[in-house]
Each structure stands twice: as C-alpha cells, then as structure tokens.
Amino acid sequence: MKKTLFFIFFILISSACYAKAPAKLIKVLDGDTLLVNYQGKEESVRLLGIDCYETSPGNRAYKQAYTEGMTVEKVIERGRLAKLYVQTLVKKNDTVRLEFEAVQRDKYNRLLAYVYLDNGKMINKELLKHKFAKLYLFKNT
C-alpha cells in the first residue's frame with residue numbers, strides 16, 4: 001500500500017514537470033499497451049509504472065500464473081478484464097496525452113509513457129486504483 005501511495009504521489013508531482021504530447025488512439029492492445037498515432041506514425045505505447053496480466057497464453061502468462069499461484073486461465077481472464085476496462089476509458093480516435101520520462105523507449109522499441117485522458121485522468125493510475133494492474137518498475141535491458 002505504501003509503495004502504491006508513493007508511486008501515485010510521485011506521478012502527481014512529476015506531472016507538473018513534463019509537457020504532455022498529444023496522440024490519437026488507434027487500438028487498445030491489452031491492459032497496459034496501446035497503439036496510437038503519434039507525430040504521424042503508428043506507435044505502440046507501454047504504460048509506465050504498471051503491469052497487467054496477459055490476455056493470451058504464452059510464457060509470460062505461465063510465469064504470471066506460477067508467481068501468483070493461479071491458473072493460466074485466471075491470468076488470461078484478468079488480463080482481458082483489464083483490456084476491457086481500458087476500452088471503457090478510451091475509444092478509437094480519442095486524443096490522449098503522453099508524458100515521458102528520461103528513457104522514452106523499451107527494448108521492444110515501444111514508447112514508455114503515462115497516458116492521460118481529456119478529462120485529466122491518467123489511465124495508468126486508474127488501472128492501479130481499480131486493481132486491474134500492479135505496480136511495476138521498468139528495467140530497460
């Protein structure tokens with residue numbers, strides 16, 4: 001709980017420091033990944049600071065199941081619920097605002113960002129608040 005509160009406090013403080021760049025949503029790929037049109041290019045955006053469960057079976061889903069002590073089916077169900085939740089927040093062609101940290105891309109060349117809606121809400125924070133995601137600190141290796 002303290003880590004989550006610290007993270008949310010850090011996000012709120014850092015929000016004032018960086019400009020937010022506009023992008024148009026193309027598609028919600030999963031709970032923590034969006035496809036957007038950013039600066040005229042189609043870009044995959046990984047939401048910073050959080051991790052959602054996987055939406056399809058694979059090595060990562062099996063690892064999450066093992067780590068969390070649940071079935072792969074439960075992992076996938078939770079991942080799909082996170083994706084559906086994000087789809088209730090943002091629709092195709094909606095404008096979102098991206099806020100970057102010093103490292104803007106991960107090893108898969110995805111943009112790493114905090115993503116804000118027009119109403120000022122941050123998708124990353126909303127997923128944490130509603131327990132669709134867990135706190136996750138990126139290791140860019």
Side-chain angles (χ1 to χ4, degrees), residues 1-39 41-141:
M1 179 67 174
K2 287 183 181 180
K3 286 183 182 178
T4 302
L5 290 175
F6 174 76
F7 173 73
I8 291 170
F9 176 75
F10 177 76
I11 297 292
L12 294 174
I13 296 299
S14 67
S15 309
C17 302
Y18 298 99
K20 295 176 185 77
K24 287 267 188 209
L25 181 75
I26 296 171
K27 183 178 181 179
V28 175
L29 298 176
D30 61 28
D32 53 28
T33 313
L34 307 174
L35 187 64
V36 300
N37 184 314
Y38 174 66
Q39 295 184 340
K41 282 180 28 183
E42 196 171 281
E43 296 270 10
S44 188
V45 176
R46 176 65 166 81
L47 303 181
L48 269 170
I50 64 165
D51 189 35
C52 294
Y53 289 105
E54 296 303 305
T55 57
S56 59
N59 289 340
R60 185 130 160 71
Y62 283 98
K63 183 177 179 184
Q64 286 177 327
Y66 177 78
T67 304
E68 299 289 324
M70 65 176 76
T71 65
V72 172
E73 292 77 20
K74 190 69 173 172
V75 165
I76 292 166
E77 176 187 335
R78 288 186 175 186
R80 289 179 179 165
L81 287 172
K83 178 180 177 177
L84 286 170
Y85 178 69
V86 174
Q87 289 171 327
T88 67
L89 297 175
V90 65
K91 307 285 185 226
K92 184 177 181 174
N93 292 321
D94 281 357
T95 298
V96 294
R97 303 221 172 260
L98 308 178
E99 181 179 77
F100 305 105
E101 287 193 340
V103 176
Q104 288 192 5
R105 293 194 182 266
D106 66 7
K107 64 183 179 182
Y108 306 106
N109 204 35
R110 297 177 297 189
L111 290 171
L112 299 171
Y114 302 105
V115 180
Y116 292 84
L117 304 170
D118 277 342
N119 63 9
K121 289 185 178 183
M122 182 198 308
I123 295 175
N124 317 49
K125 182 178 164 187
E126 293 301 307
L127 283 161
L128 273 177
K129 185 166 88 174
H130 295 285
K131 298 188 180 2
F132 287 109
K134 294 188 302 183
L135 186 62
Y136 177 75
L137 301 176
F138 280 86
K139 298 172 198 133
N140 201 20
T141 56

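If you're wondering where the values come from, they're calculated on a predicted model, not measured in any experiment.
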- For the pair C52 and D30, evaluate side-chain contact (heavy atoms from CB on, under 4.5 Å) and give the outcome as yes or no after the intermediate values. CA-CA 8 Å; C52 294; D30 61 28; 5.9 Å; no

- Item | Pair E68-Y53, side-chain contact (heavy atoms from CB on, under 4.5 Å): steps then yes or no | CA-CA 10 Å; E68 299 289 324; Y53 289 105; 3.3 Å; yes

- For the pair K63 and E54, evaluate side-chain contact (heavy atoms from CB on, under 4.5 Å) and give the outcome as yes or no after the intermediate values. CA-CA 10 Å; K63 183 177 179 184; E54 296 303 305; over 6 Å; no

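To the nearest 0.5 Å, atom CD1 of residue I123 and atom CG of residue L117 are 4.5 Å apart. Expressed to the nearest 0.5 Å, how far CG of D32 lies from CD1 of I50 amounts to 5.5 Å. To the nearest 0.5 Å, the span separating CZ on F100 from CG on L111 amounts to 5.0 Å. We find the CG-NZ distance between L29 and K83 to be 7.0 Å, quoted to the nearest 0.5 Å. Between the CG atom in D51 and the CG atom in L137 there is a gap of 11.0 Å [rounded to 0.5 Å]. The distance from atom CG of L47 to atom CZ of R110, rounded to the nearest 0.5 Å, is 9.5 Å.
Taking every heavy atom of both residues into account, A113 and V45 meet most closely at CB-CG1, 4.0 Å. Heavy-atom minimum distance, V28 versus V90: CG2-CG1, 4.2 Å. When every heavy atom of L34 is checked against every heavy atom of V86, the shortest pair comes out as CD2-CG1, 4.0 Å. Smallest separation of non-hydrogen atoms from L98 and A23: CD1-CB, 3.9 Å. Nearest heavy-atom pair across S44 and T33 is OG-CG2, 3.4 Å.
Ring planes of F132 and Y85: parallel class, angle under 30° (limits at 30 and 60°).
Using a 3.5 Å distance cut-off with no hydrogens or angles, the side chains of E101 and Y114 do pair a donor with an acceptor.
Environment of NZ in K41: sparse, with no more than 12 heavy atoms of neighbouring residues, nucleotides or ligands closer than 6.0 Å.
Remark: of the listed residues N37, T95, N93, D94, T95 is the sole one forming a side-chain hydrogen bond (donor to acceptor under 3.5 Å, both in side chains) with K24.
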Donor-acceptor pairs under 3.5 angstrom involving side-chain atoms of residues 69-79: please list them, not counting sequence neighbours.
residue	atom	partner	partner atom	Å
T71	OG1	K74	N	3.0

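Ion pair E42/K27 not flagged as a salt bridge, since none of the NZ, NE, NH1 or NH2 atoms sits closer than 4.0 Å to an Asp/Glu carboxylate oxygen.
Remark: E126 pairs with K129 by the salt bridge (Lys or Arg N to Asp or Glu O under 4.0 Å) rule, at least two apart or across chains.
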